[in-house]
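A quick write-up on the structure given underneath.
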Amino acid sequence: MADQYQYTNEEKIVKDSHTKEIDLINRDPKQINEDVVKVEFEDVIAEPDGTHSLDGVWKLSYTTFTVSKYWCYRILSAVFGIPVALLWGFLFACISFCHIWAVVPCIKSCLIESQCISRIYSLCIQTFCDPFFEALGKIFSSVRVALRKEV
């Protein structure tokens with residue numbers, strides 16, 4: 001009975017991760033596009049003092065820019081949003097697959113091999129180089145160096 005309950009809980013957790021509710025108000029909660037695509041009329045078109053168009057032209061330009069940007073984005077996202085989301089989902093799934101099944105095992109294999117080589121290298125250094133440098137240290141340990149400035 002406990003196994004069956006645990007299985008249904010695991011199944012429920014998996015199901016919830018794919019069907020979680022999304023926030024329709026705040027669609028950029030991590031603010032990854034805050035500085036990139038947040039473009040307003042004033043960011044693109046500006047008239048300095050002394051060079052102003054007619055007020056009606058300025059208002060109509062603002063409205064045209066704002067409405068065309070709004071509807072163009074909506075139409076493009078309606079037509080291409082789902083296919084592009086499918087492509088990005090496929091791409092990130094492929095990246096995840098490669099990372100999980102190829103990159104991490106390859107790195108782990110290299111680490112295991114390098115540990116083996118590292119131990120052999122360390123053994124060689126300890127066996128051959130350490131005694132040599134200890135002997136050199138004992139030979140030159142009685143050498144004294146004096147530095148004098150002559151004027």
Shared hydrophobic cluster for [X] and [Y] (ILVMFWY, side-chain gaps under 4.5 Å):
| X | Y | result |
| --- | --- | --- |
| Tyr70 | Phe65 | no |
| Phe133 | Val143 | yes |
| Trp88 | Ile95 | yes |
| Leu24 | Tyr73 | no |
| Phe80 | Ile75 | yes |

Less than 4.5 Å apart, any side-chain heavy atom of [X] and any of [Y]?
| X | Y | value |
| --- | --- | --- |
| Leu60 | Thr64 | yes |
| Leu91 | Leu87 | no |
| Leu86 | Ile82 | no |
| Trp58 | Ile45 | yes |
| Pro29 | Asn26 | yes |

Mind checking the [atom1]-[atom2] spacing from [X] to [Y]? Nearest 0.5 Å is all I need.
| X | Y | atom1 | atom2 | answer |
| --- | --- | --- | --- | --- |
| Arg119 | Ser114 | CZ | OG | 10.5 Å |
| Leu111 | Gln115 | CG | CD | 6.5 Å |
| Asp28 | Asp23 | CG | CG | 11.0 Å |
| Ser118 | Ile125 | OG | CD1 | 10.5 Å |
| Tyr62 | Glu40 | OH | CD | 6.5 Å |

Taking everything shown except Lys59 itself, do over 12 heavy atoms lie less than 6.0 Å from its NZ?
-> no
Please check if atom CG in Asp55 has more than 12 non-hydrogen atoms from other residues, nucleotides or ligands closer than 6.0 Å.
-> no
Minimum-distance pair of heavy atoms, taken over all atoms of Pro131 and Gln126 =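 Looks like CD-O, 3.4 Å.
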Looking at His99 and Pro105, what are the two nearest heavy atoms and their distance?
->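 Scanning both residues completely, I find the closest heavy atoms to be O-CD, 4.2 Å.
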Check for a donor-acceptor pair, side chain of Ser141 on one end and backbone N or O of Lys138 on the other, with a separation under 3.5 Å.
-> yes
Could you tell me whether a side-chain N or O of Ser77 sits under 3.5 Å from a main-chain N or O of Arg74, the two making a donor and an acceptor?
-> yes
Under the side chain to side chain contact (heavy atoms under 4.5 Å, CB included) rule, what do Lys69 and Phe41 come out as? Steps first, then yes or no, please.
-> CA-CA 10 Å; Lys69 184 182 86 158; Phe41 180 75; over 6 Å; no
